[in-house]
Peer 1: 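Just passing along the structure, written as structure tokens.
Please read all numbers here as calculations on a predicted model, not as lab measurements. In each ligand, atom 1 is the first atom listed, and ligand 1 is the first ligand listed. Scope of the values below: all heavy atoms of this structure, side chains included, with no hydrogens, waters or symmetry mates.
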Amino acid sequence: MTARLTGRTALVTGAGSGIGRAIADRFVAEGARVVYADRDGSAAAAAAGSALPLTMDISDEASVEAGYAALAAQGASPDVVVANAGVQLFGHDAKVADVSLETWNRTLAVNLTGTFLTVKHAVRAMLAGGGGSIIVTGSPTGLTGEGADFAAYSSTKGGVHALVRATAMAYARDGIRANTVVPGYTETSLVSTISGDPESRAAIVSRTPLGRPGTPEDVTGIMVYLASDESSYATGAVFRVDGGMTSL
Ligand SMILES: NC(=O)c1ccc[n+]([C@@H]2O[C@H](COP(=O)([O-])OP(=O)(O)OC[C@H]3O[C@@H](n4cnc5c(N)ncnc54)[C@H](O)[C@@H]3O)[C@@H](O)[C@H]2O)c1
């Protein structure tokens, strides 16, 4: 494999498992120095190998600031930040009339506020460091009616798509690019409620034109592209690597 990210420093949130871990591992394989940031510090450490594990709760601004400060203390500035951590509260999130305020607030605290805090401090670090690439993990639920049964989750994903556009437009002349990657249904621990139920699983696969669930590795190629200079003319864009789900 060619090392397309040699010399780059990347911070990936939610790198302890699932999609974030696959991205972080691929970035390591491509030669980057990678910070595996996760609320679950032991997962981040286990995943990291020779890379840098970092316990960071994206819903807590002090924790996010401390994470970037720890990186700066090592003399490093992030060239790439993947704001990927997220939650989906199965069993609580529901059609809008059935969502409690608590579920709404808990979902927003991580997926929308947490992504905002990750991006806010990434921009500050990148302004000081001369630019960079921010990549946010979006969702089909933020683009289509796919998330009708998950009003809180879908709303956060619509929000992060807008946050990416606002970020991209505000900092384009500062050498900071921001883009969204939309995975399809991907079998990680996040969606074990669906993957563990044959009927739900068959239903979502039937809404996926390529006819199979995604794997975390399915989105790593687009992530490497966006983390590298190959994507130097792409900003404010949505890259859908979703098995065709959002084109149905
Ligand atoms: N799995 C899917 O089908 C799918 C589809 C589209 C988008 N996504 C998005 O992909 C992203 C990654 O999801 P995944 O499927 O890999 O899930 P996952 O549960 O396997 O991984 C999520 C990671 O985020 C971490 N995390 C949760 N809250 C955090 C916080 N407050 N601070 C720091 N880390 C935190 C968790 O500890 C976990 O390691 C999420 O944004 C999710 O919404 C997933």
Side-chain angles (χ1 to χ4, degrees), residues 11-26 35-48 53-68 81-90 93 105-119 121 135-144 146-147 150 152-161 163-164 180-196 200-201 204-205 207-208 212-220 222-223 238-243 245-246:
L11 184 149
V12 181
T13 70
S17 74
I19 293 171
R21 180 170 179 165
I23 296 164
D25 287 350
R26 176 73 190 273
V35 181
Y36 284 65
D38 206 286
R39 176 173 59 184
D40 180 347
S42 58
L54 180 70
T55 304
M56 184 165 114
D57 178 353
I58 61 164
S59 66
D60 174 0
E61 185 158 28
S63 176
V64 174
E65 281 191 277
Y68 284 103
V81 169
V82 184
N84 164 81
V87 295
Q88 185 166 0
L89 303 182
F90 283 92
D93 201 357
N105 285 338
R106 279 175 59 208
T107 308
L108 261 72
V110 177
N111 292 10
L112 188 53
T113 304
T115 301
F116 153 66
L117 293 172
T118 305
V119 169
H121 292 284
I135 311 163
V136 173
T137 307
S139 167
T141 62
L143 293 170
T144 72
E146 179 63 29
F150 304 98
Y153 180 83
S154 307
S155 300
T156 65
K157 291 300 182 175
V160 303
H161 293 174
L163 174 69
V164 166
T180 306
V181 170
V182 174
Y185 165 64
T186 307
E187 294 194 325
T188 64
S189 57
L190 187 84
V191 295
S192 58
T193 307
I194 298 174
S195 55
S200 306
R201 184 177 192 267
I204 201 161
V205 171
R207 296 196 301 277
T208 305
R212 66 163 175 86
T215 66
E217 288 72 26
D218 281 325
V219 295
T220 58
I222 192 72
M223 292 285 177
V238 180
F239 293 83
R240 300 178 296 159
V241 186
D242 61 1
M245 179 182 266
T246 55

Peer 1: Are side-chain heavy atoms of I135 and F239 found at a separation under 4.5 Å?
Peer 2: no
Peer 1: Would you mind finding which of G20, S139, G86 brings a heavy atom closest to atom 22 (C) of ligand 1?
Peer 2: G86
Peer 1: So if I count the atoms of ligand 1 from 1 in the order they appear, which ones are less than 4.0 Å from some heavy atom of T186?
Peer 2: 1 (N), 2 (C), 3 (O)
Peer 1: To the nearest 0.5 Å, what is the distance between OG1 (T193) and CG (L89)?
Peer 2: 10.5 Å
Peer 1: What part of K157, side chain from CB on, backbone N/CA/C/O, both or neither, has a heavy atom under 4.0 Å from ligand 1?
Peer 2: side chain
Peer 1: Any heavy-atom pair between the side chains of T118 and Y68 that's under 4.5 Å?
Peer 2: yes
Peer 1: Any idea which part of L190 is under 4.0 Å from ligand 1, heavy-atom wise: side chain, backbone, both or neither?
Peer 2: both
Peer 1: Considering only heavy atoms of G138, which atoms of ligand 1 have at least one such atom less than 4.0 Å away?
Peer 2: 6 (C), 7 (C)
Peer 1: Decide whether an N or O pair under 3.5 Å exists between I58 and ligand 1.
Peer 2: yes
Peer 1: Between the candidates G67, S17, G18, G114, which shows the shortest non-hydrogen contact distance to atom 21 (O) of ligand 1?
Peer 2: S17
Peer 1: Which ligand 1 atoms, with their elements, are less than 4.0 angstrom from a heavy-atom of Y185?
Peer 2: 3 (O)
Peer 1: Exactly one of N84, T137, V241 should register a side chain to side chain contact (heavy atoms under 4.5 Å, CB included) with V219. Which one does?
Peer 2: V241
Peer 1: In ligand 1, which numbered atoms sit nearer than 4.0 Å to a non-hydrogen atom of V87?
Peer 2: 27 (C), 28 (N)
Peer 1: Distance under 4.0 Å to a non-hydrogen atom of D57: what atoms of ligand 1 satisfy this?
Peer 2: 30 (C), 31 (N), 32 (N)
Peer 1: Quick check on A43 - does any of its heavy atoms sit under 4.0 Å from an atom of ligand 1?
Peer 2: no
Peer 1: Would P216 count as a contact of ligand 1 if the rule is a heavy atom under 4.0 Å away?
Peer 2: no
Peer 1: Hey, which atoms in ligand 1 end up nearer than 4.0 Å to a heavy atom of Y153?
Peer 2: 7 (C), 8 (N), 9 (C), 42 (C), 43 (O)
Peer 1: Select one of side chain, backbone, both or neither to describe which atoms of V110 lie under 4.0 Å from any atom of ligand 1, heavy atoms only.
Peer 2: side chain
Peer 1: I'd like to know if G184 contacts ligand 1, where contact means a heavy-atom distance under 4.0 Å to any ligand atom.
Peer 2: yes
Peer 1: Does some side-chain heavy atom of T141 sit less than 4.5 Å from a side-chain heavy atom of F150?
Peer 2: no
Peer 1: N/O to N/O below 3.5 Å, does that happen between D38 and ligand 1?
Peer 2: yes
